[in-house]
Chemist: 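Dropping a structure here in structure tokens format, bear with me for questions.
The structure displayed is predicted, hence computed values, not measured ones.
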Amino acid sequence: MNFSYKEIITAFMVLFAVIDIIGNIPIIIDLRKKVGHIQSEKASLISGLIMIIFLFLGQSLLQFIGIDVHSFAVAGSFILFFIALEMILGITLYKDDGNHGTVTATVFPLAFPLIAGPGSLTTLLSLRAEFALENIIVAVILNVIFLYIVLKTSSKIERLIGATGIQIIRKVFGVILLAISVKLFTQNIKMLFV
């Protein structure tokens, strides 16, 4: 085992920035209002499992089905783009048909693609090239713990900042998410034509 606190902290911070759970609080609150309840434990575990499985099998899986990492990131940028539009414009593009309720919202769009989405999955592939595997796994676990805490306390956070605060945060982070989606798109679309 090659544990390094520096690698763990760096990998944690990179993943934390990409997952952006604080910025996703308005989306979490909206999802909770739509379906009534979000299963915090399930969402945290599923997103953590997706990230760890992708860490081990991601590149091989994408190559097996004939998709390169850049195409995956471009597709993911569209998902992030539409989520950002919902946040900025106050419209609903993702509609739950009502048949699956809590399970649907917990798995899609919360666990995937919001938390364990293209941004975090492609970041994991990049980290794998630089850091020891065990340090990345610890960083993923720490992010999942933090994620669980935020999901569990989202209603308290909502009460603390109020409806106006949520709307302001939602618009601001919508623009940030839009910028991230554009950056993810432009960085990876170039690589498809190289």
Chemist: Is a side-chain donor or acceptor of Asn135 paired with a backbone partner of Asn2 at a separation under 3.5 angstrom?
Modeler: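 Yes: the side chain of Asn135 pairs with the backbone of Asn2.
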Chemist: To check you understand the geometry: which heavy-atom pair defines the closest contact between Leu85 and Ile91, and what is its length?
Modeler: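 Here Leu85 and Ile91 meet closest at O-CG1, 4.1 Å.
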Chemist: Is Leu160 linked to Ile25 within one hydrophobic cluster, defined over Ile, Leu, Val, Met, Phe, Trp and Tyr using a side-chain heavy-atom separation of less than 4.5 Å?
Modeler: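 Hydrophobic grouping puts Leu160 apart from Ile25.
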Chemist: Rounded at 0.5 Å granularity, tell me how far OG in Ser77 sits from CD1 in Ile189.
Modeler: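 Reported to 0.5 Å precision, the distance equals 7.5 Å.
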Chemist: Keeping the roles fixed (side chain from Arg128, backbone from Leu133), state whether a donor-acceptor pair exists under 3.5 Å.
Modeler: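 Checked: no pair found.
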Chemist: Evaluate the ring pair (Phe, Tyr, Trp, His ring centres under 6.0 Å) criterion for residues Phe12 and Phe146: first the C-alpha distance (whole Å), next the side-chain angles of each, then the deciding distance (0.1 Å), finally the verdict.
Modeler: CA-CA 11 Å; Phe12 171 81; Phe146 190 82; 7.1 Å; no
Chemist: Could you go step by step and tell me if Leu114 and Ile19 meet the side-chain contact (heavy atoms from CB on, under 4.5 Å) rule?
Modeler: CA-CA 7 Å; Leu114 207 57; Ile19 294 169; over 6 Å; no
Chemist: I need the Ile137 CD1 to Phe131 CZ distance, nearest 0.5 Å.
Modeler: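 These two atoms lie 14.5 Å from each other.
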Chemist: Would you say that Leu184 contacts Ser181 through its side chain, given a criterion of any heavy-atom pair below 4.5 Å between the two side chains?
Modeler: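 Answer no - side chains too far apart.
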Chemist: Considering residues, nucleotides and ligands other than Tyr5, do more than 12 of their heavy atoms fall under 6.0 Å from its OH?
Modeler: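 Atom OH in Tyr5 is not packed in, count stays at 12 or less.
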Chemist: Does the side chain of Leu151 reach to within under 4.5 Å of the side chain of Leu110, using non-hydrogen atoms?
Modeler: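 Yes, close enough: below the 4.5 Å cut-off.
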Chemist: With Val14 as reference, evaluate Thr123, Asn143, Ile9, Ile136 under the side-chain contact (heavy atoms from CB on, under 4.5 Å) test and give the passing residue.
Modeler: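 Between Val14 and the candidates, side-chain contact (heavy atoms from CB on, under 4.5 Å) is satisfied uniquely by Thr123.
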Chemist: Only one of Ile53, Ile50, Val18, Leu62 passes side-chain contact (heavy atoms from CB on, under 4.5 Å) with Leu121; say which it is.
Modeler: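 With Leu121 as partner, Ile53, Ile50, Val18, Leu62 yield a single side-chain contact (heavy atoms from CB on, under 4.5 Å), made by Ile50.
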Chemist: Are Val182 and Met191 connected into the same hydrophobic cluster when the rule is that any two of I, L, V, M, F, W, Y join if their side-chain heavy atoms are below 4.5 Å apart?
Modeler: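 In one cluster: no.
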Chemist: When you compare the side chain of Phe112 with that of Ile46, does any pair of heavy atoms fall below 4.5 Å?
Modeler: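 No - every pair of side-chain heavy atoms lies 4.5 Å or more apart.
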Chemist: Measuring from atom CG of Leu55 to atom OG of Ser120, what distance do you get when rounded to the nearest 0.5 angstrom?
Modeler: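 Interatomic distance, Leu55 CG to Ser120 OG, rounded to 0.5 Å: 11.5 Å.
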Chemist: Membership question, hydrophobic clusters at under 4.5 Å side-chain separation (ILVMFWY): are Leu89 and Phe82 in the same one?
Modeler: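 Yes; tracing contacts between hydrophobic side chains, which count when under 4.5 Å, links both residues.
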Chemist: So, do Tyr148 and Leu45 sit near enough that their side-chain heavy atoms are less than 4.5 Å apart?
Modeler: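 No, their side chains stay 4.5 Å or more apart.
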Chemist: After noting the C-alpha distance and the side-chain angles of Gln39 and Val107, does the key distance pass the side-chain contact (heavy atoms from CB on, under 4.5 Å) rule?
Modeler: CA-CA 9 Å; Gln39 297 170 345; Val107 177; over 6 Å; no
Chemist: Please report the closest heavy-atom contact between Gly90 and Lys171, naming both atoms and the distance.
Modeler: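 Smallest interatomic distance, heavy atoms only, reads N-NZ, 4.1 Å.
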Chemist: Would you kindly say whether Arg32 and Ser155 are connected by a side-chain donor-acceptor distance under 3.5 Å?
Modeler: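 Absent: no donor and acceptor within the cut-off.
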Chemist: Rounded to the nearest 0.5 Å, what separates atom OG1 in Thr122 from atom CD in Gln59?
Modeler: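 Between atom OG1 of Thr122 and atom CD of Gln59 there are 11.5 Å.
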Chemist: Under the 3.5 angstrom rule, does the side chain of Glu7 hit a backbone N or O of Ala132 as a donor-acceptor pair?
Modeler: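 Yes, Glu7 side chain to Ala132 backbone: donor-acceptor pair under 3.5 Å.
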Chemist: Is there side-chain contact between Leu61 and Ile67, with heavy atoms separated by less than 4.5 Å?
Modeler: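 In short, these two side chains do not touch, never coming nearer than 4.5 Å.
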Chemist: Locate the shortest heavy-atom distance separating Ser47 from Ala111; write the atom from each residue and the value.
Modeler: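 It is CB-O, 3.8 Å.
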Chemist: Are Met13 and Leu124 grouped together when hydrophobic residues (ILVMFWY) are joined by side-chain heavy atoms under 4.5 angstrom apart?
Modeler: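 Cluster IDs for Met13 and Leu124 match.
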Chemist: Between Phe78 and Phe185, is a side-chain contact (heavy atoms from CB on, under 4.5 Å) present by the stated rule, with each step listed?
Modeler: CA-CA 8 Å; Phe78 286 114; Phe185 178 82; 3.8 Å; yes
Chemist: For residues Ile52 and Phe56, determine if any side-chain heavy atom of one lies less than 4.5 Å from a side-chain heavy atom of the other.
Modeler: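 Yes - at least one pair of side-chain heavy atoms lies under 4.5 Å apart.
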Chemist: Would you call Leu178 and Lys183 a side-chain contact if the rule is heavy atoms closer than 4.5 Å?
Modeler: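 When only atoms from C-beta onward are counted, Lys183 and Leu178 do not touch, as no gap falls below 4.5 Å.
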Chemist: Does the side chain of Ile168 reach to within under 4.5 Å of the side chain of Ile161, using non-hydrogen atoms?
Modeler: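 Counting from C-beta outward, Ile168 and Ile161 never come under 4.5 Å.
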Chemist: To the nearest 0.5 Å, what is the distance between CD (Glu130) and OG1 (Thr10)?
Modeler: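 Rounded to the nearest 0.5 Å, the CD-OG1 separation comes to 9.5 Å.
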Chemist: Drop me the distance from Ser154's OG to Lys152's NZ, to the nearest 0.5 angstrom.
Modeler: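 Going from the OG atom of Ser154 to the NZ atom of Lys152 covers 9.5 Å.
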Chemist: Main chain of Ile149, side chain of Thr153: is a donor-acceptor contact present, judged purely on distance under 3.5 Å?
Modeler: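 Between the backbone of Ile149 and the side chain of Thr153 there is a qualifying donor-acceptor contact (under 3.5 Å).
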